[in-house]
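Numbers here are sequence positions counted from 1. In each ligand, atom 1 is the first atom listed, and ligand 1 is the first ligand listed.
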Amino acid sequence: NNIVAIVGRPNVGKSTFFNRLIQRREAIVDSVSGVTRDRNYGKSEWNGKEFSVIDTGGYIKGSDDIFEAEIRKQVELAIDEADAIVFLVDVEEGITPMDNEVAKLLRKVTKPVLLVVNKVDNAKREQDAFEFYNLGLGEYVTMSGMSGSGTGEVLDKIVEILPELPEVEEATEELPRFAVVGRPNAGKSSFINALIGEDRFVVTDIAGTTRDAIDTKYNRFGFEFNLVDTAGIRRKAKVKEDLEFYSVMRSVRAIEHSDVCILVIDATRGFEGQDQSIFWLAEKNRKGIVILVNKWDLVEKDTMTTVQYEKKIREEIAPFTDVPILFVSALTKQRLLKALETAVEVYENRKQRIATSKFNDTMLPIIEHNPPPAIKGKYIKIKYCMQLPTPVPQFVFFANLPQYIKDPYKRYVENKLREIYNFEGVPIEIYFRQK
Ligand code: GDP
């Protein structure tokens, strides 16, 4: 997927705009989990083209008195990590010095940049917008975030400037693609080095679906797999800031490009907000997930047991808790093979296809035994179900009155399904449809 970053100084209307962009899809996808989380990242679709959107403003805390340096940093990251950049300005305020700073950075960029003038609510404002030609970024589009007018044209333009995605290489499709993700200093590089060793078994370097993500094929302990690397990881030495935005943004591409995300967390720090953001990114993208609690060698075993630790993490990742959690040490190489084996298992779990007749034979009696609650005297009957032939596990249950089946029942079905089949580490989707 292409990644579009929205940049601009505080209060130009980035979050309103962001919400508009992701609304249509979000509304469909997220009604499933019923969980609201931070909304700095989402997927958008326009004219059949899908892309990811990142609201860089969402990562700034107390954004009213934000330093110019901070904005600059965010724009630089957006330039590094995104495929296209939307620069939002505000016609009410006109061109501010900060806008000029941002424009200066964007003028040097070879990636597509779209200048969007916001808060254009009437003809006078349309006139006022001319001044933004002075930013030296060429043509702009106007819109009103409040009323939503102009959003369609902005979306047309975004889709127009997005680079074409190269075809996915067939060869890389057959091997599991693992992305090692986590916040800075969790031990990702140490883990990869411990696993791969200095004598890297590089077989091929295949450019992936995006310019920066690179699959490198390895063969370790009898397992063949691709590790998804990103330009961001290589740049690590240069950008040292322990910035949530940075590591999340860097993770986006790697996650989207992978089958299974190996989320490395630092045992001495616990599962924090940033770990949660990355976990959620992986879940939202319906990727397989393995959690590695790294630096376990540093934890005093009498103060904290794995059972207690695991319980705390599961509370943090609820409601999707069917995820393997392993306690490892990249330093002492403890349980590294197990970590790799588990990632391969999750990959297999995610790939499994359940034959329709078997699936019906198993699931229908369970449903009959505990059917969805009747509504207004009407019984809800589920007569048939199947797994869809999609890359991500999706199941559809055909019912006479699917609209009356509520989330708790859906969760019940998911739990039963997980008890019977092994979908450990794999987000699944369940739909109820008219038969
Ligand atoms: P990254 O930013 O996630 O790639 O983290 P690094 O791999 O660079 O590791 C950050 C720091 O943690 C380095 O000083 C590592 O030596 C240290 N470290 C990584 N894994 C372990 C571990 O399992 N145990 C201990 N004690 N230290 C570790």
Side-chain angles (χ1 to χ4, degrees), residues 59 73 76-77 80-81 177-200 202 212-216 218 220-221 225-258 260-282 287 289-306 309-310 312-313 316 324-343:
Y59 292 90
K73 206 154 66 190
E76 280 171 350
L77 292 170
D80 278 350
E81 304 291 337
R177 285 172 304 183
F178 299 141
V180 180
V181 293
R183 67 172 168 233
N185 274 322
K188 297 180 295 297
S189 327
S190 309
F191 170 73
I192 293 172
N193 284 338
L195 190 67
I196 305 303
E198 300 308 324
D199 56 332
R200 297 194 160 199
V202 181
D212 302 330
I214 303 284
D215 289 350
T216 308
Y218 293 104
R220 297 304 278 168
F221 307 110
F225 54 93
N226 284 304
L227 271 189
V228 180
D229 199 358
T230 68
I233 289 167
R234 260 173 263 115
R235 280 175 50 89
K236 183 175 154 258
K238 203 173 144 201
V239 187
K240 272 284 178 214
E241 293 85 356
D242 191 34
L243 198 65
E244 172 164 12
F245 170 69
Y246 177 59
S247 83
V248 173
M249 182 121 159
R250 197 179 66 186
S251 310
V252 167
R253 193 183 296 279
I255 289 172
E256 288 197 349
H257 197 67
S258 69
V260 177
C261 299
I262 300 173
L263 171 56
V264 180
I265 75 162
D266 182 336
T268 63
R269 297 186 54 176
F271 196 85
E272 293 176 337
Q274 198 172 337
D275 300 314
Q276 201 160 25
S277 302
I278 297 173
F279 179 86
W280 170 74
L281 267 175
K287 301 300 184 179
I289 304 174
V290 178
I291 296 177
L292 301 186
V293 183
N294 187 35
K295 310 194 190 179
W296 193 240
D297 56 290
L298 294 178
V299 174
E300 286 286 345
K301 297 306 175 301
D302 12 320
T303 52
M304 185 67 109
T305 67
T306 54
Y309 209 108
E310 207 185 300
K312 270 173 60 183
I313 294 179
E316 297 289 340
I325 299 174
L326 299 177
F327 295 82
V328 306
S329 167
L331 190 76
T332 66
K333 306 204 171 188
Q334 199 183 7
R335 276 191 290 277
L336 293 190
L337 171 58
K338 181 75 190 154
L340 181 59
E341 273 171 6
T342 308

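Using a 30° and 60° split on the angle between ring planes, Tyr309 and Trp296 fall in the perpendicular class, above 60°.
A pairwise comparison of heavy atoms in Val299 and Ala267 identifies CG2-CB, 3.7 Å as the closest pair.
Near Asp297, with a cut-off below 4.0 Å to any heavy atom, the atoms of ligand 1 are 22 (C), 23 (O), 24 (N), 25 (C), 26 (N). Contact atoms of ligand 1 toward Arg183: 3 (O) (distance under 4.0 Å to a heavy atom of the residue). Of all atoms in ligand 1, listed by their number and element, those nearer than 4.0 Å to a heavy atom of Leu331 are 22 (C), 23 (O), 24 (N), 25 (C), 26 (N). Each of the atoms 2 (O) of ligand 1 lies under 4.0 Å from some heavy atom of Pro184.
Counting heavy atoms from C-beta on, the side chains of Val260 and Ile289 never come closer than 4.5 Å. Between Val328 and Gln334 there is no side-chain heavy-atom pair separated by less than 4.5 Å.
Of the candidates Leu292, Leu298, Asp266, Asn185, it is Asn185 that places a heavy atom closest to atom 2 (O) of ligand 1. Residue Lys295 holds the heavy atom nearest to atom 28 (C) of ligand 1 of all those in Lys188, Gln334, Lys333, Lys295. Considering Ala186, Gly182, Ser189, Ser190 only, the shortest heavy-atom separation from atom 4 (O) of ligand 1 involves Ser189.
Between His257 and the choices Val252, Asn226, Val228, the side chain to side chain contact (heavy atoms under 4.5 Å, CB included) rule is met once, by Val228. Of the residues listed (Ile196, Asn294, Leu292), the one engaging Phe191 in a side chain to side chain contact (heavy atoms under 4.5 Å, CB included) is Leu292, and it is the only one.
Between Glu256 and Lys287, no side-chain nitrogen of the basic residue sits less than 4.0 Å from a carboxylate oxygen of the acidic one, so the salt-bridge criterion is not met.
Where the criterion is an N or O separation shorter than 3.5 Å, residue side chain and backbone included, Trp296 fails it with respect to ligand 1. For the pair Gly187 and ligand 1, the shortest N or O to N or O distance falls below 3.5 Å.
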